[in-house]
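Contents: one structure, followed by commentary.
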Amino acid sequence: MEQLLQQIEQYKKEIAAIVPNGAESLEAYRIRWKSRLDPGAAGPARNIDLSLPGDATPLGTHHPITLVRDRIVHIFGRLGFSVAEGPEIEDDWHNFTALNLPENHPARDMQDTFYIHQNPDWLLRTHTSSVQARVMERQKPPIRIICPGRVYRNETISARAHCFFHQTEGLYVDENVSFADLKQTLYFFVQELFGKDVRIRFRPSYFPFTEPSAEMDINCRICGGSGCSVCKHTGWVEILGSGMVHPKMLDNFGIDSTKYTGFAFGMGIERICQLQYRVNDLRLYSQNDVRFLKQFTGAV
Ligand code: 2NL
């Protein structure tokens with residue numbers, strides 16, 4: 001020990017010899033710098049004190065949509081789901097036809113979808129299911145992915161509707177995937193996101209790409225169940241849609257529907273953001289108002 005301390009002292013001396021001011025206090029350093037300034041110099045150089053700390057660079061914050069998306073990705077990542085991405089400009093096959101949305105489906109209407117070109121149809125994707133379609137096209141089961149991304153709908157902009165928003169969809173295809181797996185996975189997800197005390201309920205629903213289909217509600221995190229405008233005084237809020245992948249869809253991609261089953265789900269990120277941070281106007285997300293964005297400083 002003694003020897004080690006001596007050694008350190010020796011090093012200190014050697015370093016001080018190489019870096020002459022190494023042992024100097026910050027205050028002494030400043031005084032020395034100031035004394036070097038030439039009081040006779042003209043202009044701004046006269047008052048420059050190079051020893052002062054520089055101006056701090058203000059750090060930005062994560063956008064609330066990014067915060068929530070990353071949290072969703074992290075939770076599903078722990079369950080073995082990897083992230084898949086795809087183009088925002090899609091063709092008819094990946095956005096509609098392959099997903100079992102028939103020719104006369106209302107979503108295909110010009111009123112609802114932004115078309116870039118017709119015949120052949122090119123459009124702004126209306127959901128991220130198109131990404132899952134692209135994955136099923138090139139990858140065979142087991143498939144376990146989530147697809148976060150921006151989607152577009154031809155809506156009049158208001159507090160409750162926007163012409164673009166963010167979704168996360170998920171897909172799990174393998175042998176013996178059941179509705180019980182769907183329920184347990186989604187229950188785990190909301191427990192991680194909202195806390196262990198969260199309660200869930202499923203309501204039967206309809207989506208063209210799943211059968212059976214169900215919407216999942218959680219008990220209202222805003223009012224705790226006593227009734228408020230977010231839960232429309234029911235105590236429950238819908239947070240996602242889900243179901244067992246329609247066998248037709250699996251067959252569309254050459255996945256044997258007699259051997260494989262799967263579940264899928266989709267949720268709006270803005271909606272979850274509203275529940276977590278009480279953002280009640282969708283327009284705030286894209287107005288770039290720093291008074292809004294600064295409120296997320298330090299949020300993780
Ligand atoms: C919702 C409902 C849902 C899916 C999305 C899906 C995708 C493929 C196959 C089967 Cl490739 N299903 N996606 C399924 C059920 C519901 O979204 O409310 N989204 C915001």
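None of the values given here were measured: they were computed from a predicted structure. Position 1 is the first residue of the sequence, and the numbers go up from there. Only heavy atoms go into these numbers, but all of them, side chains included; no hydrogens, no water, no symmetry mates. Whatever order the structure lists ligands and atoms in, that order sets their numbers, starting from 1.
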Over 60° means perpendicular and under 30° means parallel, so classify the ring planes of Phe207 and Phe209, tilted if in between.
parallel
Short N or O separations between ligand 1 and the protein, below 3.5 Å:
residue	atom	partner	partner atom	Å
ligand 1	13 (N)	Glu169	OE1	2.9
ligand 1	19 (N)	Gly266	O	3.3

Distance-only donor-acceptor check, side chains Thr126 and Arg108, under 3.5 Å:
no
By salt bridge (charged side-chain N to carboxylate O under 4.0 Å, His left out) - contacts of Glu90 (at least two apart):
Arg134
pair Leu186-Ile200: side-chain heavy atoms closer than 4.5 Å
no
Do Glu155 and His162 pair up side chain to side chain, a donor and an acceptor below 3.5 Å, judged on atom types alone?
no
Quick check on the 6.0 Å ring-centre criterion: do Phe265 and Phe76 meet it?
yes
